[in-house]
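Since the structure comes first, as structure tokens, the remarks are kept for the end.
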Amino acid sequence: MQTGTIFNIQKFSINDGPGIRTTVFMKGCPLNCIWCHNPESKSAKPEIFYDAKKCVGCGACVQACPQKCHRFDGETHIFDRSHCNACGKCADVCMPNALDATGYVQSVSEVLAEVLKDKVFYDNSGGGMTLSGGEPMSQFAFTYALFRAAKDEGLHTCIETCGFAKKENFEKIAPFVDIFLYDYKETDPVRHEKFSGVSNKLILENLQFLDSLGCKTILRCPIIPTCNDREDHFAGIAAVANSLQNILEINIEPYHPLGSGKAEMLDKEYVLRDLSFPDNATVESWISIIASRTNIPVKKA
């Protein structure tokens, strides 16, 4: 049975496609977006969160860790990640949950069994299963098998994707996906590479290819103050949307700083840690500018 590495199964999701949904978050992403709100999704491997504010200094992790990654210098808890293999044994014994494992391996049947527990809600609301991440296409064999199994159960399916994957893999998976929640992060190719680590050329090519296949898409657009909150990018969003024959709507995703705290718990850099939520008036102005250039519905995700 095909297996994959996931980090969360979120029930009663209402922003990841139509109706009530269960969203399966998968680890691993080919992009390295500086505003990523799920930094634990970037690595394909399991990882350990450490929240120093919750640590009570009990020392249970020191005894549990087979790699000797934990020690105390006086009252200071030192977590040396250089030898950590994210086995999770430290998290298992951490009563205040200062340590928490993120990422675990499950089979297609295990994930689908969890998803199907809420099938009655999908049937009554027009919902279903959404795969997100990270990037589900980076674990293509698992994603493909899970979508096929979901369709065998009659589930409505969505995938949230950055679009950076092989064209042939999108062609293969297209018959089993009802809606592609397709990320559009930055119009300018130089800025796109600066913000995400990759060119947007393949992403745009795959978007047009999926549209040529008749695939339904929702354009998902993260708007980040100081990065891509520019009128030329807003015009680019509208232009790309207007070029698609099968687009359903444009979703604006305002920046939120959730990723900053999680990056800190992973000892990872987060360059936008000083940014905060944009106010409602600012978000509405973004939506208004984009909506003035297209007849496609534009709304906040």
Side-chain angles (χ1 to χ4, degrees), residues 1-29 37-38 40-47 49 86 88 91-92 97 100-163 165 169-183 210 213-218 220 246 248-249 251 253 258 301:
M1 176 64 70
Q2 188 69 47
T3 61
T5 304
I6 64 177
F7 65 93
N8 190 24
I9 297 180
Q10 180 176 298
K11 295 175 177 285
F12 287 86
S13 297
I14 57 172
N15 294 315
D16 294 326
I20 295 171
R21 313 189 69 81
T22 293
T23 303
V24 180
F25 290 90
M26 301 170 60
K27 279 182 70 67
C29 185
H37 63 273
N38 285 330
E40 74 274 31
S41 74
K42 292 184 179 184
S43 172
K45 299 178 180 179
E47 296 171 284
F49 281 125
D92 290 341
N97 295 319
D100 187 27
T102 177
Y104 52 95
V105 175
Q106 283 202 320
S107 68
V108 167
S109 60
E110 288 173 322
V111 173
L112 191 61
E114 190 65 26
V115 171
L116 288 172
K117 289 179 180 178
D118 291 334
K119 189 172 187 297
V120 63
F121 297 108
Y122 316 147
D123 293 341
N124 291 332
S125 69
M129 180 187 75
T130 298
L131 298 192
S132 186
E135 173 50 60
M137 296 295 286
S138 69
Q139 297 188 59
F140 179 73
F142 177 75
T143 294
Y144 178 72
L146 183 54
F147 273 139
R148 290 200 61 164
K151 278 301 174 189
D152 287 344
E153 296 290 342
L155 294 182
H156 184 278
T157 57
C158 295
I159 182 172
E160 183 166 15
T161 178
C162 69
N169 285 349
F170 277 116
E171 184 173 23
K172 188 175 181 181
I173 209 168
F176 305 100
V177 178
D178 291 299
I179 301 176
F180 286 83
L181 310 176
Y182 205 96
D183 292 351
L210 288 170
L213 295 178
C215 298
K216 295 179 181 178
T217 57
I218 293 175
R220 306 269 276 194
N246 300 289
L248 301 176
E249 61 187 35
N251 287 177
E253 300 177 311
L258 177 63

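Note that the structure is a prediction, hence the values are computed from the model and not measured. Side chains included, hydrogens not; waters and symmetry mates left out as well; all remaining heavy atoms used.
In this structure, OG1 on Thr130 lies 9.0 Å from CZ on Phe25, to the nearest 0.5 angstrom. Atom CD of Glu47 and atom OG of Ser41 lie 9.0 Å apart (nearest 0.5 Å). Interatomic distance, CZ of Phe12 versus OG of Ser125, reported as 9.0 Å (0.5 Å rounding). In this structure, CZ on Arg148 lies 11.0 Å from CD1 on Ile173, to the nearest 0.5 angstrom. Interatomic distance, Thr5 OG1 to Gln139 CD, rounded to the nearest 0.5 Å: 5.0 Å. Interatomic distance, CG of Leu181 versus CD1 of Ile159, reported as 9.0 Å (0.5 Å rounding).
The environment of Ile14 atom CD1 is sparse: at most 12 non-hydrogen atoms of other residues, nucleotides or ligands sit within 6.0 angstrom.
Scored by the salt bridge (Lys or Arg N to Asp or Glu O under 4.0 Å) test, Asp123 finds Lys119 as partners (sequence neighbours excluded). Under the rule for a salt bridge (Lys or Arg N to Asp or Glu O under 4.0 Å), Asp100 has no partner lying at least two apart in sequence or in another chain. By the side-chain hydrogen bond (donor to acceptor under 3.5 Å, both in side chains) test, Asp118 is found to be paired with Lys11, residues two or more places apart in sequence or in another chain being considered. By the side-chain hydrogen bond (donor to acceptor under 3.5 Å, both in side chains) test, Asn169 pairs with no residue at all, sequence neighbours left out. Evaluation of the side-chain hydrogen bond (donor to acceptor under 3.5 Å, both in side chains) rule for Asp16 yields Thr23, Arg220 as partners, not counting sequence neighbours. Partners of Glu110 according to the side-chain hydrogen bond (donor to acceptor under 3.5 Å, both in side chains) rule, which considers only residues two or more places apart in sequence or in another chain, are Ser107.
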Test side chain to side chain contact (heavy atoms under 4.5 Å, CB included) on Tyr104 and Ile6 and set out the steps.
CA-CA 6 Å; Tyr104 52 95; Ile6 64 177; 3.6 Å; yes
Starting from the C-alpha separation in whole Å, work towards a yes-or-no answer on side chain to side chain contact (heavy atoms under 4.5 Å, CB included) for Ile9 and Gln106.
CA-CA 11 Å; Ile9 297 180; Gln106 283 202 320; 3.9 Å; yes
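Contact between Gly103 and Pro46 at its shortest, heavy atoms only, is O-CB, 3.5 Å. What you find for Phe142 and Gln2 is that their closest heavy atoms are CA-CG, 3.5 Å. The two residues Met26 and Phe7 have their closest heavy-atom pair at O-CE2, 3.6 Å. The nearest pair of heavy atoms linking Cys215 to Asn246 is O-CB, 3.2 Å. Among all heavy-atom pairs drawn from Pro136 and Glu160, the shortest one is CD-O, 3.3 Å. Across every non-hydrogen atom of Pro18 and His156, the tightest pair is CG-CE1, 3.7 Å.
Between the side chain of Asp178 and the main chain of Cys158, no donor-acceptor pair closer than 3.5 Å is present. Judged by distance alone, with hydrogens and angles left aside, the side-chain atoms of Lys42 form no donor-acceptor pair with the main-chain N or O of Cys29 at under 3.5 Å. Between the side chain of Ser138 and the main chain of Gly28, a donor-acceptor pair closer than 3.5 Å is present. A distance-only check finds a donor-acceptor pair linking the side chain of Thr161 to the backbone of Gly163 [under 3.5 Å]. Using modelled atom types, no side-chain atom of Glu153 and backbone atom of Leu155 make a donor-acceptor pair closer than 3.5 Å.
The side-chain heavy atoms of Tyr122 and Val115, taken from C-beta on, include a pair separated by under 4.5 Å. Inter-residue side-chain proximity for Met129 and Leu146 is flagged as met; some heavy-atom pair is nearer than 4.5 Å. Two residues are said to be in side-chain contact when any heavy atoms from C-beta on lie closer than 4.5 Å; Lys151 and Thr157 meet this criterion.
By the 30° and 60° cut-offs, the orientation of the rings of Tyr182 relative to Phe170 is tilted.
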